[in-house]
Amino acid sequence: MTAVSELEAAYTKYRQDPDFVKEFEQDLRDYVGRPSAMYRCARMSEEYGAEIWFKREDLNHTGAHKINNAIGQALLAKRLGKTRIIAETGAGQHGVATATVAARLGLECVIYMGAEDVVRQMPNVYRMKLLGATVVPVESGTRTLKDALNEAMRDWVTNVDNTFYIIGTAAGMHPYPQMVRDFQSVIGREARAQLLEKTGRLPDAVVACVGGGSNAIGIFHAFLNDASVALYGVEAGGDGVETGRHAAPLTAGRPGVLHGNRTYLMEDQNGQIIGTHSVSAGLDYPGVGPEHSWLKDLGRVSYDAITDAEAMSAFHDVIRLEGIIPALESSHAVAYAKKLAPQLGRDKILLVNLSGRGDKDINTVAKLEGIAL
Amino acid sequence: MSRIAALFDRARASGRKLLVPYITAGDPLARHTVPLMHHLVAGGADMLELGVPFSDPMADGSVIASAHERALAQGVSLRDVLAMVQEFRTQNSHTPVILMGYQNPIEVMGIDPFAAAAAQAGVDGVLTVDLPPEEADISAPTLRAAGLDPIFLLAPTTPPERVKTVAELASGFVYYVSLKGVTGAGHLDTDALAARLAMVRTVCGLPVGVGFGIRDAATAVATAANADAVIIGSALVSLLATIDSSDAEQLTRTAQGFMQDIRNALDRAFPAA
Ligand SMILES: Cc1ncc(COP(=O)(O)O)c(C=O)c1O
């Protein structure tokens, strides 16, 4: 596809360009608020049984790691002279991040969001609208993230002359997975340096949730060559992987081709992509970035799934023990840390990527718990 | 020579403009597909393009995407589509049939078993819309070895180098997408089309079918001036979607009539020698 070749050429050029890199780093510092904090969870460490540290991506402007990538791609859009930005979103975090950078750069912004997610993530829908974006509910297919991606692709190929498509996760066709990883890898670079500075050593394990895989690849990347650091990617187990109602392609899927890349997918015996289920809209994607598939096959990263119920329980742990309302996506990583901690032991450092804050999820949680707001 | 190549050769010799309708297999109901194919031929179709339903038809607009959903609601699979072609072939051995679909269902079957099964069913060409030519270095030769023509899309934005790649891999014809976007998109600029097709023809010697954006007899005639074949999809699929799916008679009559109008207009505008 020509749109993709144009993007690839631009990215190859600008990723090396000192002015581009400087502007990106400056925006991360002055607009996003980076470096994000590295926080030792004293009470959670006590209760879980290992040294638990959070990389606080929830403290970023707009409340999640998504903004790192949105800024990088928007700067690219500006250099390409595009006047219109489109994006897909699941939880709405990437949509909010994109609407935010579009507002800041004075670009038109259209966000595609599965109709089901529009209902689940009302606060974020309103935030995007406040930021001047048009939010298009996508009624096709399963009415979730993958269908929003399909719709954004359709828009992009139709309006490629003036439109830049900011994909929100490390998936999709080349060069997106690599580009998104590069923009998110600041998470791991900072985390590695911060932990070394604060503790004098590397973590024993790093845990991140995996939807399309951007926050996970972002924190893993700096540790890939550190053989002593075990890496864990946590998928959405929904009602339990054995029920089939989940969003865990690495744990329970098969390799296939979707959205222009070969990766693990949730598919039926005829190669149709099947509907996913997760309490967290941001993890509700039937595929995963191709680099995670590679890391799985290589054995460098272990992937496992956490159920809705386990994630909900971890969500409350983080609030009760640390006074932080985490995103439901990030709560999956915390739930896995809870299982891993006793196996590691008290003196071991377990770094969790707290990819986002949970303000967007309070309606979902209240509803699940039968509370009328 | 493949059935497709022979068809284009005959058409070039006689000056006939080829008419190629698209329907999604299984839409509106699986039992209608083979009768629809026969009636499209009776209405003047020279070749048939059959969409293979996929859960994520991202290169298709809302009209054809909805057709995929209707077919999938009945569980229509790639194997079912091959069975439909096989059934069609029991009464028609001359009209080429090409499959238009997405990569993953073929992946799951495996390219070798798929190529063998498709050839055996009587398929003539395969267009995998989400397989870029740069990644078709295994599948295209596999299809050709099985006697199938690999078909590729060219778009207004396709640079000459890529047209060259396609020219090396493709056989039968190339499918020129007459505008940017997905199937079913609006406008059509025939002057720009003429200029682009001139470029394509200097790089690629294959016949050219033009699709996306052709709605009726008038747009078909305007497009055919520069093309060997005109391909009509969304207009036909959306017309059929207005008909009660339980009324098989009305469906097939409408499809045939729609074809016949365009056939007549093409033949009037481009009388065969
Ligand atoms: C807070 C948060 N974490 C994680 C994700 C999952 O995406 P990814 O796997 O790309 O990090 C999302 C997606 O919306 C999110 O909002």
Side-chain angles (χ1 to χ4, degrees), chain A residues 1-9 88 112 114 136 138-163 165 172-174 253-276 285-287, chain B residues 52-66 68-69 71-73 75-81 101-111 114 128-135 139 153-159 161-163 177 179-187 212-213:
Chain A
M1 222 168 64
T2 313
V4 175
S5 329
E6 183 192 66
L7 176 63
E8 190 183 347
E88 86 295 340
Y112 292 95
V136 182
V138 175
E139 300 284 354
S140 58
T142 57
R143 307 162 86 235
T144 58
L145 182 54
K146 78 175 174 73
D147 309 288
L149 215 145
N150 293 337
E151 209 54 45
M153 285 290 307
R154 292 176 183 127
D155 180 318
W156 194 34
V157 297
T158 307
N159 301 301
V160 57
D161 287 341
N162 71 344
T163 297
Y165 178 16
M173 51 281 164
H174 182 70
R254 285 188 308 184
V257 179
L258 178 67
H259 296 143
N261 66 102
R262 184 179 303 277
T263 190
Y264 282 86
L265 294 176
M266 294 186 47
E267 60 179 9
D268 68 12
Q269 73 282 4
N270 294 318
Q272 307 296 346
I273 308 307
I274 53 183
T276 49
Y285 181 64
Chain B
V52 181
F54 183 52
S55 53
D56 293 81
M58 58 180 175
D60 285 292
S62 58
V63 167
I64 291 178
S66 301
H68 282 247
E69 285 189 28
L72 285 178
V76 174
S77 68
L78 177 55
R79 282 177 203 284
D80 295 330
V81 178
Y102 293 79
Q103 215 182 329
N104 203 50
I106 296 177
E107 283 275 321
V108 165
M109 196 186 274
I111 182 67
F114 165 72
T128 313
V129 287
D130 59 345
L131 179 69
E134 292 77 11
E135 287 170 35
S139 72
L153 294 174
L154 298 176
T157 47
T158 308
E161 317 84 73
R162 194 168 219 199
V163 179
V177 177
L179 38 81
K180 290 188 210 93
V182 293
T183 54
H187 44 78
F212 286 32

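This structure is a prediction, so every number in the text was calculated from the model and none was measured. Convention: sequence-line order gives letters A, B, ...; per-chain numbering from 1.
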Discussion item. Would you say that B:Phe54 contacts A:Gln272 through its side chain, given a criterion of any heavy-atom pair below 4.5 Å between the two side chains?
Written reply: yes
Worksheet entry | Which atom of A:Leu258 lies closest to which atom of A:Pro286, heavy atoms considered | CD2-CG, 4.3 Å
Response to the item:
Ranking B:Asp80, B:Val108, B:Asn104, B:Leu131 by heavy-atom pairs under 4.5 Å to chain A gives rank one to B:Asn104
Item to complete: Under 4.5 Å heavy-atom distance to chain A, tell me which part of B:Ile106 shows up: side chain, backbone, both or neither.
Response: neither
Practice prompt. Against chain B, label A:Glu151 side chain, backbone, both or neither, depending on which of its atoms sit under 4.5 Å from a heavy atom there.
Written response: neither
Practice prompt. Anything under 30° is parallel, anything over 60° is perpendicular, the rest tilted; go ahead and classify A:Trp156 against A:Tyr165.
Written response: perpendicular
Fill in: Note: A:Glu88-A:Lys146 ion pair, threshold 4.0 Å (strictly below)
no
Worksheet item: By a 4.5 Å heavy-atom criterion (distance strictly below it), what part of A:Ile274 contacts chain B: side chain, backbone, both, or neither?
Response: neither
Discussion item. If I measure from the heavy atoms of chain A, does B:Pro57 come under 4.5 Å with its side chain, its backbone, both, or neither?
Written reply: both
Worksheet item: Would you call the rings of B:Tyr102 and B:His68 parallel, tilted or perpendicular, where under 30° means parallel and over 60° means perpendicular?
Response: perpendicular
